[in-house]
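Structure first, then comments.
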Amino acid sequence: MLGSATAWAADSANDGSSQPDHLAVTQSDFGQTPDGEKVQRYHMTNANGMSVDVITFGGRIQSIELPDKNGKSTDIALGFDNVKDYIDHSSVYFGATIGRYGNRIAGGQFKLNGQTYNLPKNNGPNTLHGGTKGFDQKVWAAAPIDTGDRVGVELTHFSPDGTMGFPGNLAVTVRYTLDNDNDLRIHYSAVSDQDTVINLTNHVYFNLAGAGSGTVLDQVAMINGDRFTPIDKTLIPTGQLKPVSGTPLDFTTPTPIGKHIHADNPQLKYAEPDKGGYDFNWVLNTQGNLDDLAVRVSDPQSGRTVEMYTTEPGVQFYTSNFLDGSFKGAHGHKLGHWGGFTLEAQHYPDSPNQPDFPTTELKAGQKYTQTTVYKFLPE
Ligand code: BGC
């Protein structure tokens with residue numbers, strides 16, 4: 001359970017064993033990076049027995065404990081219990097804040113104001129999730145939040161001009177807060193001193209039956225998106241928006257995740273050539289309206305549900321196609337293929353190279369904002 005025995009010794013009162021049954025946030029040590037940077041964990045609780053842990057390494061959601069319909073709690077977020085595992089398995093991005101650019105940029109290159117910017121390629125020919133050392137690998141500065149009806153943590157990070165090839169000094173803030181309606185709200189803001197591109201998201205994987213309990217194939221998803229952005233074999237959008245109707249990507253009505261996952265469909269083959277899996281960007285019908293339901297996934301067995309609301313135009317629904325059970329996560333659980341799903345609220349992949357997609361440009365001095373709410377049931 002513990003990240004580093006010594007680091008944790010002083011904080012044993014905060015290790016979850018004495019969870020308050022009201023809105024509260026506590027802080028404890030979560031070990032350190034190989035460079036000696038100290039990592040903190042912020043533990044938020046609410047009156048419904050729900051808790052969320054965020055660590056400052058990668059601005060990550062490390063754990064989400066949620067009771068089932070009978071009141072039995074389990075951790076429904078895939079994570080690790082120490083910094084070393086997060087570093088050793090960085091390519092799964094468990095729970096991470098992703099930046100500067102979520103998902104792929106084709107050929108590791110884009111043009112802005114007539115200038116070409118080159119980024120490190122870390123996913124075949126492309127740049128994925130901000131490059132070789134994205135926001136998921138940074139230790140963020142942190143301060144607790146307590147507004148009376150929400151508790152949480154504010155994370156800040158300064159990304160100097162040229163980081164991973166992106167222009168502009170960028171100051172980023174991510175606020176995670178929890179309330180007694182079981183809303184986990186993530187609010188992002190950022191300002192750059194030069195024109196740049198930005199696409200922040202969170203890469204938490206959910207398994208509503210419990211992390212490590214098996215696959216999510218029987219969990220039932222509804223994605224409020226009539227269209228998706230088709231991809232090529234390197235998972236770069238072709239630039240079209242195509243209807244999901246008549247395809248295995250149609251989740252406009254609640255459908256078990258596994259129902260069509262083995263369909264003989266060329267797009268599914270690109271996402272996961274062998275076993276089947278989803279890894280696509282849906283064009284949300286909600287059009288940035290935070291009040292409208294974007295996604296709902298339920299586990300009929302446990303009665304647990306997650307809903308997503310977002311100001312973003314898209315969502316990457318990814319069924320952990322590259323997990324293969326070769327390593328263990330927190331609680332000693334093996335994490336296998338389809339062991340979780342992500343709901344990454346985002347602008348569409350490769351937007352800097354796709355003039356017809358909603359823009360991801362951020363002008364110098366303007367404020368970027370993004371809000372995504374994961375709402376958990378039962379309350
Ligand atoms: C991407 C996947 C990628 C995964 C990395 C997802 O956001 O869409 O293609 O493999 O992140 O864990």
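What's counted below: heavy atoms across the whole structure, side chains too, no hydrogens, waters or symmetry copies. We count ligands from 1, going down the list as the structure has it; atoms in each ligand are counted the same way. Given the structure is predicted, the values throughout are model-derived calculations rather than measurements.
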Using a 4.0 Å heavy-atom cut-off, say whether [X] meets ligand 1 through its side chain, its backbone, both or neither.
{"X": "Tyr278", "result": "neither"}
{"X": "Val92", "result": "backbone"}
{"X": "Gln346", "result": "neither"}
{"X": "Asn103", "result": "side chain"}

Using a strict cut-off of 4.0 Å, indicate which atoms of ligand 1 neighbour a heavy atom of [X].
{"X": "Ser91", "result": "5 (C), 12 (O)"}
{"X": "Tyr93", "result": "5 (C), 12 (O)"}
{"X": "Tyr205", "result": "12 (O)"}
{"X": "Glu344", "result": "6 (C), 7 (O)"}

Discussion item. For atom 6 (C) of ligand 1, tell me which residue out of His203, Gln316, Glu272, Arg104 has the closest non-hydrogen atom.
Written reply: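 Heavy atom nearest to atom 6 (C) of ligand 1 belongs to His203.
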Worksheet item: Under a heavy-atom criterion of less than 4.0 Å, does Phe317 contact ligand 1?
Response: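 Contact absent.
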Specify whether [X] and [Y] have parallel, tilted or perpendicular ring planes, treating 30° as the upper limit for parallel and 60° as the lower limit for perpendicular.
{"X": "Tyr374", "Y": "Phe376", "answer": "tilted"}
{"X": "Phe317", "Y": "Tyr278", "answer": "tilted"}
{"X": "Phe135", "Y": "His157", "answer": "perpendicular"}

Worksheet item: Between Asp350 and Arg104, is there a side-chain N and carboxylate O pair less than 4.0 Å apart?
Response: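 Here Asp350 does not pair with Arg104 in a salt bridge, since their nearest N and O are not under 4.0 Å apart.
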Worksheet item: Would you call Asp68-Lys72 a salt bridge at under 4.0 Å N-O?
Response: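 The answer is no: the pair does not qualify as a salt bridge.
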Discussion item. For Tyr368 together with Tyr188, are the ring centres under 6.0 Å from each other?
Written reply: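 No - the distance between ring centres of Tyr188 and Tyr368 does not fall below the 6.0 Å cut-off.
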